[in-house]
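Written below as structure tokens is the structure these notes are about.
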Amino acid sequence: MTRNDAVADRLAEMADRLDAMDVEYKPRAYRRAAENVREHPEPIERLASEGEDVVGEIDGVGDAIASKIVEYVETGSIDELEDLREELPVEIDALTSVEGVGPKTVGTLYEALEIRTLDDLEDAAEAGEIQAVKGFGAKTEQNILEGIEFARQAHERQLLGEAVPLGEAARSYLADQPSVESVEVAGSLRRWKPTIGDVDVLVGSDDGESAIEAFTDWDHAETVIEAGGTKASLRVGSVRVDLRVVAPEEFGAALQYFTGSRDHNVALRNRAIERELKMNEYGVFDVSEVDEPDAGQRVGERVAGETEESMYAALELPLVPPELREGRGEIEAAAAGELPDLLAEGDVRGDLHTHTDWSDGDNSIAEMIEAAAAFGHDYVAITDHATGPGMVGGVGVDDETLRDQIGEIRAAADDVDIEVFAGVEANVGEDGSISVADDVLAELDLVVASPHAALSGDGTDRLIAAAEHPQVDIIGHPTGRYLNRRPGLNIEYDRLAAAAAEAGTALEVNANPRRLDLGGQAVRAAVEAGATIVIDTDAHRPDSYEYIRYGVHTARRGWAEADDVLNTRDAGGIRGFLD
Ligand code: DGT
Ligand code: CA
Ligand code: CA
Ligand code: ZN
């Protein structure tokens, strides 16, 4: 974990604890400061070394918070946070990881039942004590029990969006080491799985000892878990990073092996055996003339291993893109010359789902449009939340306000070169209804309709009803899942996709790393059933336009080609789709 993340985590914890103690206003300030510190491009310790004033120049960081940041960098702790921990001795991170349990609930349950840990929470829920607390009911208690189970299962896995930057930092650090000839990130990270067990890094080097030493000296490393001659493991924050060092001529074989998945590799090895070849992490070996192919790892004549391409070529296959390597028919497709021509990051030309400070975004309409242009997009849609179920604290815009906003969006669009679509993110009710009046929808260029409440059970008919609404263009984050927190709606993708295709409605891959919704397999089912996919970031601030890559690679995991994806079209193509 970088120092900025560590500081941000402390500030966020203060926000949660203040919230749990019913303090007003301050939690919001701490939460905003936490986000901005996390996203800040410069290392926080450098700013801190220049003094509180310099730290205070970070957006949303006032004098009081700046002094706490400096205190943390200098002493490793924050007195006020320690006091808060004593006053409310609860495991706030663990408790709030349960869906539906926020800081305020934690505070209430501590007051009423002295619940401090997940175990306490589970015991109390099972004993029926929670439904007896004022403001809670049997349904809430049941939801909490289900949430605990889900949170426990998800506990150890890291979000892709957190692991990718870490993997990239490790890669570029190692690439700069003189002992390192080649370096790649492998494992589930290279396959862009939505959550990651650990980060696997592979190095090709003739000087393994120096490479390992450089790795354990990395300034991100908080703990060296183990270090040997050819492999080492570190802990960075809560993430384990595994390094393996191999000889440069075996780099391709090792990269293929350690990228996985296991199922993909098993299928490949079987194909090798059919050809009297032996395939492993050291290469591909011709064992047709060998009496005992299992006598060792490097038995027989070596026919491939320096590059990954050579490994596949030895089995008469084209290179299979890592995102497809899940053992779901990709080898058969490769053998038949029928691998998809996958969508690429550069194919995406705009973002059709973004928020501003008219709802729960951080920035003005003009700022979000400018940032989309600066990111390189040809067009952007502003789609603030409409009021309705799931919109807590009055963040959504009502129909009257939305009418005003359309004017503001059109005015802001006059000043820029990119095309701007005036839109809304309406809520899909439990019955499939849309939370904005039809005559207002008709004034908009684009309508995203998303489920935000009642996110369990089967959602197929509900979303089909929304997709068939004549004004709806996109179904946003269809399942409503939050990775590691709640699974979201069950959907029969073939039925939804067929209805959406018929109605001319696109299904979203929401690229926010907490969501990645639709996920890869859902994309594949939807594309096969003829649906058009759209990849959006749901950006609530300019930095979030960067999330688009997570959406692109998720769509690639669903075998999507550029033609399957709405926002690979130019602005004219989008207008055509919306008409
Ligand atoms: P993760 O870390 O749980 O998100 O998933 P992976 O796929 O990164 O799995 P990991 O870190 O255990 O191992 C990385 C890759 O190395 C894995 O995808 C396949 C390969 N691998 C590791 N151990 C074995 C093994 O015992 N057998 C086989 N066939 N492959 C293995
Ligand atoms: Ca891994
Ligand atoms: Ca591993
Ligand atoms: Zn949204």
Side-chain angles (χ1 to χ4, degrees), residues 153-160 162-164 166-167 170 184-202 231 233-234 239-244 246 253-270 272 279-282 322-327 351-356 358-362 368 380-386 388 390-391 395-397 423-428 435 446-452 474-478 480 482-484 508-512 514-515 517 534-541 544 547 551 557:
Q153 281 168 8
H155 186 60
E156 297 296 337
R157 296 187 69 82
Q158 206 70 24
L159 295 183
L160 179 70
E162 292 161 0
V164 164
L166 179 60
E184 277 300 342
V185 171
S188 52
L189 197 51
R190 186 160 179 249
R191 306 196 312 276
W192 297 81
K193 271 190 78 168
T195 63
I196 302 295
D198 66 3
V199 174
D200 301 287
V201 186
L202 185 71
K231 55 184 191 178
S233 298
L234 306 176
V239 189
R240 178 188 172 107
V241 185
D242 282 349
L243 175 76
R244 286 184 186 76
V246 301
L255 181 59
Q256 196 292 313
Y257 181 87
F258 289 112
T259 296
S261 67
R262 248 159 252 223
D263 290 348
H264 175 80
N265 287 354
V266 166
L268 268 190
R269 265 200 309 275
N270 289 337
M279 178 174 197
N280 59 29
E281 60 194 283
Y282 308 101
E323 294 95 328
L324 302 188
R325 299 183 196 172
E326 298 291 349
D351 203 322
L352 297 177
H353 180 170
T354 70
H355 295 269
T356 74
W358 284 64
S359 63
D360 58 349
D362 283 352
M368 287 306 285
V380 64
I382 301 293
T383 57
D384 274 306
H385 286 288
M391 288 300 110
V395 297
V397 289
V424 70
E425 180 176 15
N427 304 293
V428 177
S435 69
L446 176 147
V447 176
V448 180
S450 316
H452 287 110
I474 293 171
I475 301 295
H477 50 71
Y482 263 135
L483 293 164
N484 289 356
E508 184 178 77
V509 174
N510 190 294
N512 183 311
R514 292 178 190 284
R515 294 187 182 271
D517 174 19
V534 59
I535 303 172
D536 294 321
T537 62
D538 200 351
H540 283 66
R541 49 191 293 154
S544 309
Y547 290 161
R557 285 176 61 80

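First listed ligand is number 1; within each ligand, the first listed atom is number 1. Throughout, residue positions are numbered sequentially from 1 according to the sequence presented. Being a predicted model, the structure only gives us computed values, none of them experimental.
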I'd like to know if Thr259 contacts ligand 1, where contact means a heavy-atom distance under 4.0 Å to any ligand atom.
yes

Does any N or O atom in Ile196 lie less than 3.5 angstrom from one in ligand 1, N or O only?
no

Nearest non-hydrogen contact with atom 6 (P) of ligand 1 belongs to which option: Gly260, Pro194, Ser188?
Ser188

With heavy atoms of Gly197 as the reference, note each atom of ligand 1 found under 4.0 Å away.
1 (P), 2 (O), 3 (O), 4 (O)

Any Lys/Arg nitrogen of Glu326 or Arg557 sitting under 4.0 Å from an Asp/Glu carboxylate oxygen of the other?
yes

Metal site angle (apex the Ca ion (ligand 2)), OD2 from Asp200 and OD1 from Asp198, 10 degrees
100°

Under 3.0 Å from the Ca ion (ligand 2), can any N, O or S atom of Asp242 be found?
no

Could you go through Asp362 and His540, starting from their C-alpha distance and side-chain angles, then the distance that decides it, and tell me whether this counts as side-chain hydrogen bond (donor to acceptor under 3.5 Å, both in side chains)?
CA-CA 6 Å; Asp362 283 352; His540 283 66; over 6 Å; no

Non-hydrogen atom of Lys193 closer than 4.0 Å to ligand 1:
no

With the Zn ion (ligand 4) at the center, what angle do OD1 from Asp538 and NE2 from His353 span, rounded to 10 degrees?
90°

Geometry only, no angles: is Ser261 polar-contacting ligand 1 at N/O separations under 3.5 Å?
no

Is the shortest side-chain heavy-atom distance between Arg190 and Leu255 below 4.5 Å?
yes

What's the atom name of the N, O or S in His355 nearest to the Zn ion (ligand 4)?
NE2

Return a yes/no value for Thr195: is any of its N or O atoms, backbone included, closer than 3.5 angstrom to an N or O of ligand 1?
no

